[in-house]
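Scroll down for the structure; my scribbles are underneath it.
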Amino acid sequence: MAQQSLKVLTLFVCISWCAFAAAAEAAAAGDAAAGATFNVGTYGARADGKTDDSNAFLKAWQAACASSGKVKIQIPGGKYLLGPLTFSGPCPNVTMLTIVHKGTLLASTNLGKFKSDVWLEFYGVKGLRISGGGTFDGQGAAAWDKNSCHKMKNCQALPVSVKFIAMNDTIVKGINSVNPKFFHMAVIDCQRFTATDITLTAPEDSPNTDGCHIEGSTGVQITGAKIGTGDDCISIGHGNTDVLISSVECGPGHGLSIGSLGKYKYEKDVKGLMIRDSKITSTQNGVRIKTWENSPVSTIATNITFQNIIMSNVSNPIIIDQTYCPFANCGSKDPSKVKLSNIHFTNIRGTSATPVAVTLECSKGYPCQNVNLKDVQLKYINGSDATLTCANVSPQFSGTVNPKKCTAPSST
Ligand SMILES: *[C@@H]1O[C@H](CO)[C@@H](O)[C@H](O)[C@H]1NC(C)=O
Ligand SMILES: *[C@@H]1O[C@H](CO)[C@@H](O)[C@H](O)[C@H]1NC(C)=O
Ligand SMILES: *[C@@H]1O[C@H](CO)[C@@H](O)[C@H](O)[C@H]1NC(C)=O
Ligand SMILES: *[C@@H]1O[C@H](CO)[C@@H](O)[C@H](O)[C@H]1NC(C)=O
Ligand SMILES: *[C@@H]1O[C@H](CO)[C@@H](O)[C@H](O)[C@H]1NC(C)=O
């Protein structure tokens, strides 16, 4: 017994000492691989919510980026008035840059300060991580009145709260965003981007406050998110491949959306999207694919699966809309040239707030190919059967599907 304790003690001492020795050695070598830390407070951040702390954040970023190995930027608790700011790479000798964000970052309410359409931008960095439970507060309420983009085609876009552009291997974990002026987050031209346990919140009637917009990216995963906002909880735009959305609670908002696609000439194809294990509550749409009519070029969107989704009180639980035109005049009425194929709706259940639970309105120029509904069971919220409308598509059914009988859309 005594001998055993001694052994345990010896082992413990050795482990502690070894760890200490290694840390001491790394510190002595000035080796950032052991974790050099840059605290925004050290660089002069006041954290009083009134003084502009942009310079302190920029200096901490520059020091961390010019360092090497695994580095950390600390944002302690407190309110920081900031931006607009761009945190740029490359950080050539940094292998991982972790921002431990425990504070609340506040955007200016003065729109005149924003020269472009972003509040905080991360550009061209490999290995960024953001964690710490902190909040990005876009202070958008006053700007929402000035937003015209939900009404007009040619509009001045308001700033997105946080944009990630041309980033590789990014991980965002346990972060909150409230009241953005426009989108909460945008992931543009990124490779391998993961967000887990994020919470995005804005009022139901705030215009264009999409939760997370993804575009031109490969290997994006959003797993574990609570999103209640004024527009799409997640919108997956053009040029994306290999995207996984799972364990999202969405509502209020406009649902989990692919698109809109087919608005611009430069758009690229969309391939390999999986949206699963999610709950959508009291939203305008559930799962949606929307493409513009009169699209300038032909693109494809294929291999898209929506699986294991619970709908409660959703106005359009399942909707493919290829006649999207939110404005009075979208130009000529040419059909959408976005070709949709291999679309799977699997195990989707719950209630529709309107009698039409499933809308499949495909392009008359390019009918949808291989649209499958398997184990889809949706009821009108008062308990009556709901209906399914179809245009330019012959859906395939398997398992238990209700509604199952295609009717023509009432007006196109
Ligand atoms: C990166 O490390 C190399 C080799 O240690 C060094 O020569 C170079 O100056 C460093 N670059 C930066 C930007 O710190
Ligand atoms: C990200 O990866 C792409 C393709 O591998 C590469 O062209 C680009 O330079 C990388 N960017 C960064 C910031 O590492
Ligand atoms: C379809 O997408 C899934 C991911 O959602 C991927 O695993 C699969 O390889 C893709 N198949 C094709 C033919 O692109
Ligand atoms: C259904 O959703 C609407 C918003 O679309 C909301 O106003 C209403 O309270 C919800 N009803 C229930 C029973 O949740
Ligand atoms: C549900 O509402 C529809 C349309 O308002 C009505 O025709 C139907 O009888 C209602 N069903 C029940 C069970 O109340």
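The chain is numbered in sequence order, starting from 1. One-based numbering, in listed order, for ligands and for the atoms of each.
- With ligand atoms numbered from 1 in the order given, ligand 1 contributes 13 (C) to contacts under 4.0 Å with heavy atoms of P92.
- D52 and K113 are joined by a salt bridge, as a carboxylate oxygen and a charged side-chain nitrogen come within less than 4.0 angstrom of each other.
- Residue Q191 touches ligand 2 through its side chain alone, judged by heavy-atom distances below 4.0 Å.
- To the nearest 0.5 angstrom, L158 atom CG is 11.0 Å from T209 atom OG1.
- Under the 4.0 Å criterion applied to side-chain N and carboxylate O atoms, K79 and D137 are not assigned as salt-bridge partners.
- With hydrogens and angles disregarded, no donor-acceptor distance shorter than 3.5 Å links the side chain of T42 to the backbone of V40.
- Contacts between A66 and ligand 1 below 4.0 angstrom, taking non-hydrogen atoms only, involve the backbone exclusively.
- Around atom OH of Y123, no more than 12 heavy atoms belonging to other residues, nucleotides or ligands sit under 6.0 Å away.
- Ion pairing between D321 and K290 fails under the 4.0 Å rule for side-chain N and carboxylate O.
- Under a cut-off of 6.0 angstrom, the local environment of CD1 in I381 is crowded, with over 12 non-hydrogen atoms contributed by other residues, nucleotides or ligands.
- With a 6.0 Å radius and a threshold of 12 heavy atoms from other residues, nucleotides or ligands, R192 has its CZ atom above the threshold.
- Interface atoms of ligand 2 facing G124, defined by a heavy-atom separation under 4.0 Å, are 13 (C).
- The residues lining ligand 4, counting any heavy atom closer than 4.0 Å, are E204, S282, N313.
- An N or O contact shorter than 3.5 Å is missing between K126 and ligand 2 by distance.
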